[in-house]
Peer 1: 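Dropping a structure here in structure tokens format, bear with me for questions.
These numbers come from a predicted model, not from an experiment.
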Amino acid sequence: MQTPFEITTGRLFTKLEKQMIWQKPASHQDSEEELRIASEIKANWDDPEMKIFNVLLEGDAGSGKTQLAKALSYDLQLPYTKVTCFADMDKSDVFGALLPIVVEDDELDGELLEAIYQTDSLQELLSLIQTYYQVTAENARQKLADLIERLDAQDTQETVHYKFYPSEIVRALEKGYLLEIQEPTVIRDASVLVALNSALENNGMLNLPTGMIRRHPDCIVVITTNRNYQGNRPLNESLRDRMQHAEKMDLPTISVMTQRAKAKTGYQNEDILTKMAEIIQLLDNTAKANAIKGVAGMRSYFYWVHTVDQGKDPLQSIFPKVLYKLTTDPNELKILTTALEESGYLADLRLLMTNQPLKEFKKSQVRGRKISQEEADERGITEEAEPETILGTTDETTETAPEQSQTEESAEKTEKNETELEADKRTPQDTKSQKGSESEEQSLSESNSSIEDYQKQEKEKQRQLNKEARETMRDTSHKKEGLIIHRPKITANAQKTAKKLTAEILPIVEKLVKPLQDILENERTSAYQKGKYMGTRFDASRVAYGDYRTFDKKNPPHEVPSLALAIRVDESGSMIRDDRIESAKLAALAVNELAQRLDLPLMIYGDTADLSAREKTSIYSYKEFDDPFNYVAEKIVSMKPRQNNRDGVPLKLLSEKLVQQNATTKLLINISDGQPKALPDYTGKKASEDIQSVINEYERQGILYLAAAIGEDKEKIKEIYGEQRFLDITDLQKFPEQLIQLIARYI
């Protein structure tokens, strides 16, 4: 069949190759991307300099990448084939491999022997061979005679020879097919696809054990890959540069989704299709924002709509067709169902289906609702101060900021003095009443000397950190602002508090540690796996065993640690509300414990702004990447609400140190309850652009950003960081558990 974009006019295909050319089903809807790519390939096909023969399609699962690749097979009239990549893929999987062949295991002999087993007489055997191979009676006898001759000629020892089996990639390049390479970004060994570079050139060459092969002039390679999924790695730059055309694939618009669903399923109710499409997009965005692995895409949409067409309840079928494809984890399901409840989409869908309201999703059940004054009085809830007052943005606050800083310093000194003099203040009655805790007090006393030594080292560390910070901020808009990095002090009281709070979060951490340790342990393997039927290196010493395990297969490069983690905690004044700082503190302790158990690189900063006219930004270094885990918990418990917040500075410092870490995944989590606000004018557009510039600069260097919003400014935080990086933390009590579960997905 001829199409407007056909590039193989006059080319003769075999019967099998004709069958490999994809045929568009009646339900297929031509997309804008498909027509644009096909027309550009056709328009430039005869131009040797501008010919398009390598295409990159990058987007989420279910966005139609493979469907588009198949559609191009029809439009261009090229046989379609594909290769799906996997993590341990090596060069033998790309090019092919030498495999041992036993004589009677040869393909022809195997088929003849199978025919013999199915017959009871010579005449039946000859008839079966004649029918199966479509040969004459004489040729059937000859085939049987050849087999008997080969079997008679064999010794008792099996005869072994080796045959090169080319991969599907090689076959497509040589024969001139449209080849789809699916998910090359999951391959751990970056050198594997680099080996394809020469073949990706026009008229490129591949050096195989059987000789050199040249890329067929009709061959088109389409690389399809997801983006920012767990286990994915950035596509090699040299490979990406060899793509003449790239498309960013996303879920289609609502109108396109509904039209495709109509054609695919036959269901025609426009309103219901539209509402179901809105639900799919909501779930997809929520999953991305909360780092949930699954995807709500077009496939889920089609099958869900199909259940409605069959008369089933969409509020029931949404679970097996959509939600359970996203995840079956109870906590993740709760996040998704909560998003559905708050959107009201399911209630709207129920109304469209039955004209009856959905009682389970009443607006009064939405979290974060505004309660009446009567209900507030009944529950004993008092109104908080205005955010501006707490954040200290008025002129009055500006004038008193230095005094507040001095007050805080005095409070810290007082706390320290009280701790040190605690033993002297005890009365005989106190001593008598505390006999049961003598061993604990003795332990703390014995640790005093080690703490003093540690504090001396901290002073030198603090000087070095301040020097590095000034260097990092030298070419930024913050270079003339006062920046001081503090190393929190350790007291006996902090040790007690840290011990108590750590005990609270230990059960949560221990639930995850064991399975994660198993995952990390599996990544620690030797350079080569020996005794394989196929591989990249031939081991002649194993031929004598006669078991055909004569190859060694190279393992991926050693990738431990797989995750480096940086945490930024907003210590602005508004964190005093609703125990936000306490939830953030517990979350930081949980992350610290998890990182210590799994030996993951970890860095934790807290920050505030405008403590004094001289100290515009204050950074509290609770843990640096090169710090041991000693006393980190004791430092974390000193977190507290302070003053304003200048987010761009801590994000810049954390990003600069995180990018230097040698890890597969580099994750920076920002924990904040409000939008940036600092004196004199660090707010609104200026602050947003500052934060976004940091994110844009370091995302290109491989850093992933997530913003955990725990306050009333969630929408503003989402606007600044983007939906892809936004986490909506509704239940602060479960925040520590949710945070370490989130981190676990990146390991």
Peer 1: Any sub-3.5 Å donor-acceptor pair from Q660's side-chain atoms to E656's backbone N or O?
Peer 2: yes

Peer 1: Going by an N to O cut-off under 4.0 Å, is there a salt bridge joining E504 and K500?
Peer 2: yes

Peer 1: Return each pair, listed once, that meets ring-ring contact (aromatic ring centres under 6.0 Å, His included) where at least one residue sits in residues 565-617; pairs must be two or more places apart or across chains.
Peer 2: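 ring-ring contact (aromatic ring centres under 6.0 Å, His included) check on residues 565-617 returns no pairs.
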
Peer 1: Between K616 and E481 (side chain of the first, backbone of the second, donor and acceptor by atom type, cut-off under 3.5 Å), is there such a pair?
Peer 2: no

Peer 1: Can any side-chain N or O of K666 pair as donor or acceptor with the backbone N or O of V659 at less than 3.5 Å?
Peer 2: yes

Peer 1: Return yes if some donor-acceptor pair links the side-chain N/O of D647 with the main-chain N/O of A687 below 3.5 Å, else return no.
Peer 2: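 Looks like no, no N/O pair under 3.5 Å.
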
Peer 1: Which pair of heavy atoms, one from A296 and one from L326, lies closest together, and at what distance?
Peer 2: N-CD2, 3.5 Å

Peer 1: Strictly distance-based, threshold 3.5 Å: is any side-chain N or O of S638 a donor or acceptor partner for the main-chain N or O of K635?
Peer 2: yes

Peer 1: Rounded to the nearest 0.5 Å, what separation is found between the CD1 atom of I181 and the CG atom of N54?
Peer 2: 8.5 Å

Peer 1: Quick check for you: to the nearest 0.5 Å, what is the distance between T327 atom OG1 and I335 atom CD1?
Peer 2: 9.0 Å

Peer 1: Ignoring hydrogens, what is the shortest heavy-atom contact between A339 and T286? Give both atom names and the distance.
Peer 2: CB-OG1, 3.7 Å

Peer 1: Do Q182 and I223 pass the side chain to side chain contact (heavy atoms under 4.5 Å, CB included) test, and can you show the C-alpha distance, the side-chain angles, and the key distance before you say yes or no?
Peer 2: CA-CA 6 Å; Q182 296 182 337; I223 293 180; over 6 Å; no

Peer 1: Assess whether side chain to side chain contact (heavy atoms under 4.5 Å, CB included) is satisfied between Y705 and I669, documenting all intermediate values.
Peer 2: CA-CA 6 Å; Y705 290 89; I669 299 178; over 6 Å; no

Peer 1: Would you name the heavy atoms of A566 and L658 that are closest together and state the gap between them?
Peer 2: CB-CD2, 4.1 Å

Peer 1: So that I can tick it off, tell me whether E582 and K585 are bridged by a salt bridge, with the cut-off set at under 4.0 angstrom between side-chain N and carboxylate O.
Peer 2: yes

Peer 1: Please tell me if the side chains of I567 and N592 come closer than 4.5 Å, counting only heavy atoms from C-beta onward.
Peer 2: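 Counting from C-beta outward, I567 and N592 never come under 4.5 Å.
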
Peer 1: Could you check whether any side-chain N or O of R474 sits under 3.5 Å from a backbone N or O of R470, counting only pairs where one atom can act as donor and the other as acceptor?
Peer 2: no

Peer 1: Of all residues at least two apart in sequence or in a different chain, which pass the ring-ring contact (aromatic ring centres under 6.0 Å, His included) check with F726?
Peer 2: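 In terms of ring-ring contact (aromatic ring centres under 6.0 Å, His included), with neighbours along the sequence ignored, F726 is linked to no residue.
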
Peer 1: Donor-acceptor check, side chain of Q692 to backbone of I720, threshold 3.5 angstrom: yes or no?
Peer 2: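 Yes; at least one donor-acceptor contact below 3.5 Å.
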
Peer 1: Hey, what do you get for OG1 (T224) to CD (E183), rounding to the nearest 0.5 Å?
Peer 2: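 Those atoms lie 5.5 Å apart.
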
Peer 1: Can you list the residues that meet the salt bridge (charged side-chain N to carboxylate O under 4.0 Å, His left out) rule with D673, with sequence neighbours excluded?
Peer 2: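 So D673 forms a salt bridge (charged side-chain N to carboxylate O under 4.0 Å, His left out) with R580.
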
Peer 1: Can a donor-acceptor pair be found, under 3.5 Å and without considering hydrogens, that links the side chain of Q281 to the backbone of P252?
Peer 2: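 A pair under 3.5 Å: yes.
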
Peer 1: Check for a donor-acceptor pair, side chain of Q244 on one end and backbone N or O of R242 on the other, with a separation under 3.5 Å.
Peer 2: yes

Peer 1: Between K65 and E247, is there a salt bridge with N-O shorter than 4.0 Å?
Peer 2: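 No, E247 and K65 are not salt-bridged.
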
Peer 1: Hey, could you give me the CD1/OG1 distance between I187 and T185, rounded to the nearest 0.5 Å?
Peer 2: 8.5 Å

Peer 1: Identify the two heavy atoms, one from A564 and one from Q661, that lie closest to each other, and give their separation to 0.1 Å.
Peer 2: CB-CB, 3.8 Å

Peer 1: Do K623 and F629 form a cation-pi contact, if we require the NZ or CZ to be under 6.0 Å from the six-membered ring centre and within 45 degrees of the ring's axis?
Peer 2: yes

Peer 1: Measure the CD1-CZ distance between I695 and R700 for me, rounded to the nearest 0.5 Å.
Peer 2: 12.0 Å

Peer 1: Using 0.5 Å steps for rounding, measure from the CD atom of E571 to the CE atom of M639.
Peer 2: 5.5 Å

Peer 1: Could you tell me whether a side-chain N or O of D284 sits under 3.5 Å from a main-chain N or O of I280, the two making a donor and an acceptor?
Peer 2: no

Peer 1: Please determine which of D690, D610, D681 meets the salt bridge (Lys or Arg N to Asp or Glu O under 4.0 Å) test together with R646.
Peer 2: D610

Peer 1: So which atom in R487 and which in S621 form the shortest heavy-atom distance, rounded to 0.1 Å?
Peer 2: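 That closest heavy-atom pairing would be NH1-OG, 2.8 Å.
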
Peer 1: If you apply the rule side chain to side chain contact (heavy atoms under 4.5 Å, CB included), what do you find for Q741 with N331, and how did you get there?
Peer 2: CA-CA 9 Å; Q741 287 177 341; N331 293 322; 2.9 Å; yes

Peer 1: What are the two closest heavy atoms between T608 and S572, and how far apart are they?
Peer 2: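 That closest heavy-atom pairing would be OG1-CA, 4.4 Å.
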
Peer 1: Got a salt bridge between E458 and K461, using NZ or NE/NH1/NH2 to carboxylate O under 4.0 Å?
Peer 2: no

